[in-house]
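Note that the structure is predicted; figures quoted are calculated from it, not measured. In the text below, chain A, chain B and the rest are named by the order of the sequence lines, each starting its count at 1.
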There are 2 protein chains.
Amino acid sequence: MLGKSGGGRGDGTKVEMDAFAARCRAAGLKVTPQRTAVYKVLLEMEEHPSAEVVYQRVREVFPNISLDTVNRTLLSLSEIGTASVVEGSGDAKRFDGNLANHQHFKCLKCKRIIDFHHKAFDNVKIPGSIKDRFVVLKKAVYFEGICDLCREGR
Amino acid sequence: MLGKSGGGRGDGTKVEMDAFAARCRAAGLKVTPQRTAVYKVLLEMEEHPSAEVVYQRVREVFPNISLDTVNRTLLSLSEIGTASVVEGSGDAKRFDGNLANHQHFKCLKCKRIIDFHHKAFDNVKIPGSIKDRFVVLKKAVYFEGICDLCREGR
DNA sequence: CTCTGTGCAAACACTTTGCAGCTAA
DNA sequence: TTAGCTGCAAAGTGTTTGCACAGAG
């Protein structure tokens with residue numbers, strides 16, 4: 001991965017920004033300077049920022065922007081598929097009394113978290129590149145989607 | 001999985017409750033009726049509840065308990081390893097501008113979320129039992145632990 | 001008897017909502 | 001011009017903290 005203009009990730013090249021503008025227009029969203037700035041910051045940041053962090057960063061070039069706008073923009077971008085929310089984040093803590101090996105499926109609509117157990121997932125191998133840098137305390141396979149109840153009924 | 005006393009999961013059998021008491025004592029936690037009630041409810045609930053939901057349920061048998069106690073108890077139980085917090089849950093939303101296939105490692109100390117990419121994880125197979133019941137919109141392999149910076153420095 | 005745990009209340013952090021004026025198209 | 005966006009302010013939800021009393025060990 002090269003530097004600033006390597007084209008990999010982490011820079012807001014003209015091509016990327018044009019694609020962004022096109023995508024907004026296609027979705028019926030206006031291309032405002034605030035939106036553009038938020039998106040650019042999001043691309044530049046390697047570690048998935050919270051709205052607050054994006055806000056701090058965007059303010060460096062756009063001192064008048066409000067946290068709400070950043071929040072709303074990030075949500076909009078997630079909706080049109082230009083960004084995404086990191087799996088699982090954003091809701092209240094959920095507790096689990098089941099200590100056996102298992103995996104979770106979370107319904108994005110009703111927020112239920114449902115256990116399942118698929119043996120093949122019990123022994124996910126931690127890649128060497130991770131094991132070398134970090135202490136891994138928990139490994140998980142995790143699915144999100146719409147559950148049976150939400151799909152039918154309401 | 002059988003009914004209430006099948007012994008699988010979801011019931012607070014005497015054996016389980018005794019083991020719980022032992023574990024508390026071993027960790028230096030007192031075995032109070034509130035703690036016991038919270039733990040029992042957690043075992044009985046199939047879908048990982050938030051503190052609020054546990055609270056509502058515990059109140060049915062313990063009308064005077066406070067939400068704080070439930071919260072603190074759930075946290076304590078997680079600390080001594082008798083329960084756990086569902087991966088990822090509990091913090092602010094995190095956003096991701098990287099749409100390419102990748103996985104996340106989250107540092108439990110500094111809350112950084114770090115991308116990595118391990119090809120073998122890109123095509124995790126969704127078990128049939130899940131595919132039949134749910135619409136899966138996102139699949140993820142996710143690790144939690146302590147990152148390089150937190151491990152050394154502070 | 002002692003020290004931890006509980007309940008209450010206030011403080012905090014994050015998100016959501018309503019609204020008036022602004023602006024991209 | 002006009003529908004959608006922004007900024008501000010207030011309210012909502014979930015979590016944390018401090019303290020006095022009560023109860024487990």
5' precedence on DNA chain C between B:A92 and B:G28 (nearest-nucleotide basis): B:G28
Hey, mind stepping through B:F95 and A:L42 against side-chain contact (heavy atoms from CB on, under 4.5 Å) and telling me if it holds? CA-CA 8 Å; B:F95 297 90; A:L42 188 60; 4.0 Å; yes
Is A:L74 touching bases, backbone alone, or none of the nucleic acid, heavy atoms closer than 4.0 Å? nothing
Flag side-chain contact, heavy atom, 4.5 Å: B:D148 against B:R112: yes
NZ (B:K131) with more than 12 external heavy atoms under 6.0 Å: no
Atom NZ of A:K93 and atom P of C:dT15 are separated, to the nearest Å, by 13 Å
Of B:T32 and B:N71, whose closest DNA chain D nucleotide lies nearer the 5' terminus? B:N71
Report the residue (B:V31 or B:E52) whose heavy-atom-nearest nucleotide on DNA chain D is the more 5′ of the two. B:E52
For a salt bridge (Lys or Arg N to Asp or Glu O under 4.0 Å) check, start with the C-alpha distance between A:E144 and A:K106, then their side-chain angles and the critical distance, and finish with the verdict. CA-CA 5 Å; A:E144 285 181 348; A:K106 174 168 175 182; 5.4 Å; no
Could you check whether A:F105 and A:Y142 have their ring centres less than 6.0 Å apart? no
Please list all pairs meeting salt bridge (charged side-chain N to carboxylate O under 4.0 Å, His left out) that have one or both residues in residues 49-77 of chain B, counting only residues at least two apart or in different chains. none
Please check: side-chain N/O of A:R94 versus main-chain N/O of B:H48, any donor-acceptor pairing under 3.5 Å? yes
Give a yes or no answer on whether the side chain of B:Q34 reaches the backbone of B:T69 with a donor-acceptor pair at less than 3.5 Å. no
What is the 5' to 3' range of DNA chain D, first to last nucleotide, that sits under 4.0 Å from any heavy atom of chain A? D:dA3 to D:dT16
What nucleotide, of C:dG7, C:dG5, C:dT17, holds the atom closest to the side chain of B:R72? C:dG7
Below 4.0 angstrom, which residues in residues 56-69 of chain B have at least one non-hydrogen atom near DNA chain C? B:N64, B:I65, B:S66, B:D68, B:T69
Which of parallel (below 30°), tilted (30 to 60°) and perpendicular (above 60°) describes B:F121 and B:F116? perpendicular
Is the shortest side-chain N/O distance from A:R25 to OP1 or OP2 of C:dA25 below 4.0 Å? yes
Under 3.5 Å, is there any donor-acceptor pair linking the side chain of B:K30 to the base of C:dC3? yes
